[in-house]
Amino acid sequence: MATEKISVYNLADLKNTSDDALPNYLNSLKFKQSHFLTDVRLALGYGAFLIAAACFGWDYKFGFENTKYYTAGAVAIYALLNGFLTFWMSMVEKGTVYQGKAPSGEQITIRTNTKKNDPTYYVTVIVEGKTGEPQSIEVSKSFASWFDETGRFVPKPFQEFLATSVPAIGKQDPKKVKSASQDVYGANPDVLDAMLAGAGEGNSTGADAAEKKGKRRKA
């Protein structure tokens, strides 16, 4: 994956590449992936296709007049299957790209999305423990954090983002968990210089004030 280049201006490519990397990473941490949502979607899609193929087949063999009532029924079933498929994808899957179980026992569901003209990866993680209410975690980060300027995907910062944001993932890969201070040290050097300069001014101002106060007391 790291050798493939994509367009850094194409949000769909950025999201799809990140989505594909997600199960690869979690499965490498011994998460057990569930394919239930995908299996239902495939069953609905293939079911609709088989209905359409059968309708074509008996119309070709027996003629329309002899099969028109069967065709009408097939069209109704086809419409129902496609309607349910649309409902399943929009109301049940809701952009789910991963479902599975962590080695520690938590059930995890990950949904991702993007917004128009916004190169940010929005992630919603629902974690269900053995007891208690499900916990919802919403995090986001710029795609530029794990794609270089040539459009190559860089796995490590992507994995650090997930491990740091989701405790159930960080528990399985603690070496990838970054602290807030590490994030600051990895920031833009110009920003860090400005922060340090501001801190220095604040310290010197405090020292000057203390010195002036001491002089007033002596007087």
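The shown structure was predicted, so the numbers you read here are calculated from the model rather than taken from an experiment.
Asp13 places none of its side-chain heavy atoms less than 4.5 Å from the side chain of Phe143. At least one side-chain heavy atom of Lys141 sits under 4.5 Å from a side-chain heavy atom of Trp146. Contact annotation: the side chain of Thr112 never approaches that of Tyr98 to less than 4.5 Å [non-hydrogen atoms, C-beta and beyond].
Among residues at least two apart or in separate chains, salt bridge (Lys or Arg N to Asp or Glu O under 4.0 Å) pairs with a member in residues 65-89 are Glu65-Lys68. Sorted by first and then second residue, the side chain to side chain donor-acceptor pair (under 3.5 Å) pairs with a member in residues 40-57 read Arg41-Glu93; sequence neighbours excluded.
Lys94 meets the salt bridge (Lys or Arg N to Asp or Glu O under 4.0 Å) test with no other residue; sequence neighbours excluded. With sequence neighbours left out, Val125 forms a side chain to side chain contact (heavy atoms under 4.5 Å, CB included) with Ile108, Ile110, Val123, Val127, Ile137, Val166. Under the side chain to side chain contact (heavy atoms under 4.5 Å, CB included) criterion, Gln172 pairs with Leu29, Phe31, Pro103, Ser104, not counting sequence neighbours. Under the side chain to side chain donor-acceptor pair (under 3.5 Å) criterion, Thr38 pairs with no residue at all, not counting sequence neighbours. For Tyr25, there are no ring pair (Phe, Tyr, Trp, His ring centres under 6.0 Å) partners, not counting sequence neighbours. Qualifying salt bridge (Lys or Arg N to Asp or Glu O under 4.0 Å) partners for Asp59, counting only residues two or more places apart in sequence or in other chains: none. Applying the salt bridge (Lys or Arg N to Asp or Glu O under 4.0 Å) rule to Asp19 yields the partners Lys15; only residues at least two apart in sequence or on another chain are considered.
Residue Val139 comes nearest to Ser165 through the heavy atom pair CG1-CB, 3.7 Å, listed as atom of the first residue, atom of the second, then distance. The two residues Leu14 and Ser18 make their nearest non-hydrogen contact at O-OG, 2.9 Å. Nearest heavy atoms, Gly151 versus Val8: CA-CG1, 3.5 Å. The minimum heavy-atom distance linking Ser140 with Thr120 is given by the pair CB-CG2, 3.8 Å. Closest heavy-atom contact between Phe161 and Tyr121: CE2-CD2, 4.3 Å.
The distance from atom CZ of Phe62 to atom OG1 of Thr67, rounded to the nearest 0.5 Å, is 8.5 Å. Taking NZ of Lys178 as the start and OG1 of Thr164 as the end, the distance is 7.0 Å to the nearest 0.5 Å. In this structure, CZ in Arg152 is found 4.5 Å from NZ in Lys5, a value given to the nearest 0.5 Å. Between Lys175 atom NZ and Gln159 atom CD the span is 13.0 Å, to the nearest 0.5 Å. Atoms CD1 and CD, on Ile126 and Glu106 in that order, are 14.5 Å from each other to the nearest 0.5 Å.
Asp173 places no side-chain N or O within 3.5 Å of a backbone atom of Ile169 that could act as its donor or acceptor partner. No donor-acceptor distance shorter than 3.5 angstrom exists from the side chain of Ser34 to the backbone of Gln99, with no hydrogens or angles considered.
Hydrophobic clustering, with ILVMFWY side chains joined whenever heavy atoms are under 4.5 angstrom apart, keeps Val97 apart from Tyr122.
Hydrophobic cluster membership for Leu50: Phe49 (Ile, Leu, Val, Met, Phe, Trp, Tyr linked by side-chain heavy atoms under 4.5 Å, directly or transitively). Within the hydrophobic cluster formed by Ile, Leu, Val, Met, Phe, Trp and Tyr side chains joined at under 4.5 Å, directly or through other members, Leu85 is accompanied by Phe36, Leu37, Val40, Leu44, Ile51, Ile77, Tyr78, Leu81, Phe84, Phe87, Trp88, Met89, Met91, Val92. Using a 4.5 Å cut-off between side-chain heavy atoms of Ile, Leu, Val, Met, Phe, Trp and Tyr, Val75 forms no hydrophobic cluster with any other residue.
The aromatic rings of Phe153 and Phe147 sit perpendicular, their planes meeting at an angle over 60°, well past the 30° parallel limit.
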